[in-house]
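The figures here come from the full heavy-atom set of this structure, side chains too, leaving out hydrogens, waters and symmetry mates. Predicted model, so just to flag it, every value in this text is computed and none were measured. The chain is numbered in sequence order, starting from 1.
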Amino acid sequence: MSIETTPSSSPDPEWERIVNGYIAGPDPTPATRPAPVDLMGDTPLTPAWSKTGAGWKARAVVGRVNTVRGFRKWLRRQTGEHGHTAQIARGMLRVIVWVQGTEGAEVAKAKHDVRIAHRDYKSAKWAHGRRLTPGKEKDKRRGDLDSASRASETAMNKYRAAQKHARTRRALRSAVALTPVLAAEGAGLYFLSAPGGIAAAGATLTALALIGRRTTAGELYTDRDAKIGDGDRMTDEMVNRVYRSAKVIGPDDVVKLLSPCTLTADGSAWEVRFELPDGIPAAKALGATAQLANGFGVSVQQVSQTKGEREDWLTLRVTLKIPFTGKATKGPLLTAERVNLWAPVAMAVSERGDVMDVEWFEKTALFGGEPGSGKSAAANNPLLAASLDVTADFYLADGKGGFDLSPFEPIAQMIDTDGDPDQLLAILRHVWEVVLPGLKQTVKDHSVRKFSEALAAKDERVRFTILYIDEWASYMAAASPEQQKELERLLRLITQQGRAYAVIVIAATQKPDSNAVPTGIRDILSTRWAGRCMTPEASDTILGKGRASAGYNAQRILKSQRGVGYLQTGETSEPVLTQSYFYTDDEVEVILRRAYELRAAAGVLPAAPEVTILDLLRKAIVSTGRGEATRAEVFAYLAGVDGRYVRDDESDGRYGARVGKLLKDSLDAAGIAVDAVKVSTADGRESRGFRMEDLQQLS
């Protein structure tokens, strides 16, 4: 396909962006993107990607789909008065009427005159034939008979002349109508035999269809009701009609096209850029997505509008099928040897196939969406990218107590996968009291305001700090009132002060309200990702108030669109519908294994944390899932991690006094005083053991 350019006398950054999109095609990987070429001349705009093997294949698929759609549309047209059969019939009828002409009226009039004259003659003849008529009257009637006879003869002569004239004119018009048909048929049969005759017959039928294209009422076939969902192409007339019917513009208003209605290089969508009439803000159009989808005959997920540099500029995109319903795009980290967090990180792919890059220095992020929306997979992108930068330190916490963060444990400085408020408090205190002061001192030593890549090249103390908290609400629900205040205070301080020192705070939650993420903290998280939400209000909670009514409503994301969400990469930027890169568990393991090797080679692996007897005792209680554990259950857990706690006597299934004394001595050596209390066993009976609430009060 080829698309004519629209010459411009002044540079247009948005047009350049669209053109670059045509060059790139659906393969957004920078390494494989073709070099830019000058497409602003007088030559047709032909995407370079379309000339590749993949491009020809995509164009063939698009051509086949469009052919099927065109045939179905043609079939639907045949059932009405604009069908080609009806047009041919009307054309034949109109040709016959033209050949017959208007001489028939003259012949009919002459025939009527003959009938009247003949009737008058018969009357005169009857009157003359009466026997008892006086002489003078008889002479008079003889004169009337002669006059009637002459009139009848004259009328008959006129009738015959009219018939002859009509036959001559009709013969001439018949010759005019039939000569081209016979000439075409004869030439076709003479030169091409049967195929030529068929082609000539087709040309004749085409000519008749053109003659009969206008209905009896004078209407012509038009695409004024054309819809993209019916396989019709986008036109400026269609765009204006749809925006009028959606009440975005007035009945007499017209949008000014800034670029032609074009099909993307991969044939997946129609795009156009236009200017709204005076007095109509872009927000009005952005809020009418459902009405526009109805006008185009597609689902609301297929219509996307993006505001341009000016309030009256819009870019409209209508996809031919619901986007992001196939397999998620494989991320670039699978082949990346290392990542530089000072440079933008590829996070997702937009509807147009553009790579969505996010800068993470001086940035924070909020990932939100209902369960199953792909929130964790989206948040995995910055974490995995940071893992391949050896200058990034991880401090991770999972409030839901799942296994999403477990693969990062070997490279994390501190991590909590149990949803324990005490452990999160320890992480935040360490970042605030140890990490951040050290980073601030580095800035002071160099007499600069903040970190930079140039400073990182001079001083190895310049490091990124990744603080990731999943499900803050779960921590707050499990924490005491005093712990809640301290947790919120520390997180707010770290978020506000850490940006200049490369401290990246990332929060992920299923419902980011004031309970899930404190409002004062949520408002300063700059990068937002909103996956599928249950309500427009929940979508606004993530993206900002008023975004849903402006067309950025995450409630419209379908369940089949896994990993799809609105990505907002700055405090003032417009959200973009994207699909985040997806990495399977095996791929995550491969990436993190590479990250571990890079860090080992650089000598920046975190020191193995010292596991105390109190940590083991807490984990033993957690393993029961009851918040308490009997002595036997504690001993059984300890035996699995420390061979000294094996049973003395296997014959009666009971632990001996040596194991109990070993546990007491270990606790005494650590300065921990905890006594066994009555607890419930798994079958509901009572026994001696330990409770988690007693251990939480111990340091």
**OP:** Answer whether the closest heavy-atom distance between the side chains of D120 and D144 falls below 4.5 Å.
**Re:** no
**OP:** With sequence neighbours left out, write down each residue that passes ring pair (Phe, Tyr, Trp, His ring centres under 6.0 Å) with F324, or none if nothing qualifies.
**Re:** none
Original post:
Step by step, would you call T264 with R317 a side chain to side chain contact (heavy atoms under 4.5 Å, CB included)?
Top reply: CA-CA 10 Å; T264 56; R317 177 185 174 90; 3.7 Å; yes
Subject >> Side chain proximity check, D236 to F274, heavy atoms < 4.5 angstrom >> reply: no
**OP:** Using atom types as modelled and distance alone, determine if a side-chain donor or acceptor of Q87 lies under 3.5 Å from a backbone N or O of L210.
**Re:** no
Subject >> Close side-chain approach of H84 to R77, heavy-atom, < 4.5 Å >> reply: yes
Original post:
Does R150 pair with D146 as a salt bridge, N-O distance under 4.0 Å?
Top reply: no
Subject >> Worked verdict on R119 versus K122 for side chain to side chain contact (heavy atoms under 4.5 Å, CB included) >> reply: CA-CA 5 Å; R119 184 186 63 191; K122 288 174 67 177; 5.8 Å; no
**OP:** Apply the side chain to side chain contact (heavy atoms under 4.5 Å, CB included) test between L316 and each candidate in Q305, E271, R273; give the one that qualifies.
**Re:** Q305
Original post:
Taking all non-hydrogen atoms of both residues, which atom of A155 and which atom of V114 are closest, and how far apart?
Top reply: O-CG2, 3.0 Å
Original post:
How far apart are the C-alpha atoms of S539 and N553, what are their side-chain angles, what is the distance that settles it, and do they pass the side chain to side chain contact (heavy atoms under 4.5 Å, CB included) test?
Top reply: CA-CA 6 Å; S539 177; N553 186 0; 3.9 Å; yes
**OP:** Please confirm whether the backbone N or O of T102 pairs with a side-chain atom of E106, one donor and one acceptor, at under 3.5 Å?
**Re:** no
**OP:** Please name the pair of heavy atoms, one in P180 and one in A177, separated by the smallest distance, quoted to 0.1 Å.
**Re:** CD-O, 3.7 Å
Original post:
Does R562 use its side chain to pair, donor to acceptor, with the backbone of G372 at less than 3.5 Å?
Top reply: yes
Subject >> NZ (K247) with more than 12 external heavy atoms under 6.0 Å >> reply: no
Original post:
Roughly how far, to the nearest 0.5 Å, is the CD atom of E351 from the OG1 atom of T578?
Top reply: 9.5 Å
Subject >> S149 side chain vs L145 backbone, donor-acceptor pair below 3.5 Å >> reply: no
Original post:
Roughly how far, to the nearest 0.5 Å, is the CD atom of Q302 from the CZ atom of F296?
Top reply: 11.5 Å
**OP:** Mind checking the CE-CZ spacing from M156 to R115? Nearest 0.5 Å is all I need.
**Re:** 10.5 Å
Original post:
Q301 and L558: which non-hydrogen atoms are nearest, and at how many Å?
Top reply: NE2-CD2, 3.3 Å
Original post:
At what distance, to the nearest 0.5 angstrom, does OG of S174 lie from CD1 of I96?
Top reply: 10.0 Å
Original post:
Under 3.5 Å, is there a donor-acceptor pair between the E370 and S373 side chains?
Top reply: no
Subject >> 4.5 Å side-chain heavy-atom contact, Y566 and R528 >> reply: no
**OP:** State the CG-OG distance between N240 and S245, to the nearest 0.5 angstrom.
**Re:** 10.5 Å
Subject >> Minimum-distance pair of heavy atoms, taken over all atoms of L314 and A282 >> reply: CD2-CB, 4.1 Å
Subject >> Residue pair V255 / V248, side-chain heavy-atom distance below 4.5 Å >> reply: no
Original post:
For K158, does the NZ atom sit with more than 12 other heavy atoms under 6.0 Å from it, leaving out its own atoms?
Top reply: no
Original post:
Roughly how far, to the nearest 0.5 Å, is the OG1 atom of T216 from the CZ atom of R94?
Top reply: 6.0 Å
**OP:** May I ask you to decide if V99's main-chain N or O and R170's side chain share a donor-acceptor pair within less than 3.5 Å?
**Re:** no
Subject >> Crowding at NE2, H112 (>12 non-hydrogen neighbours, <6.0 Å) >> reply: no
**OP:** Please report the closest heavy-atom contact between T215 and E81, naming both atoms and the distance.
**Re:** CG2-CD, 3.7 Å
Subject >> Under-4.0 Å salt bridge between K307 and E311 >> reply: yes
Subject >> Side-chain touch V355/Y581, heavy atoms, less than 4.5 angstrom >> reply: yes
Original post:
After noting the C-alpha distance and the side-chain angles of C261 and V239, does the key distance pass the side chain to side chain contact (heavy atoms under 4.5 Å, CB included) rule?
Top reply: CA-CA 9 Å; C261 298; V239 172; 4.3 Å; yes
Original post:
Hey, is R310 close enough to E275 for a salt bridge, meaning N to O under 4.0 Å?
Top reply: yes
**OP:** Using a strict cut-off of less than 4.0 Å between a Lys/Arg side-chain nitrogen and an Asp/Glu carboxylate oxygen, indicate whether R173 and E103 qualify as a salt bridge.
**Re:** yes
Original post:
Any side-chain heavy atom of T325 sitting closer than 4.5 Å to one from Q561?
Top reply: yes
Original post:
Quick one: does E574's side chain get under 4.5 Å of R547's, heavy atoms only?
Top reply: yes
Original post:
If you look at every heavy atom in A148 and Y121, which pair is closest and at what distance?
Top reply: CB-CA, 3.4 Å
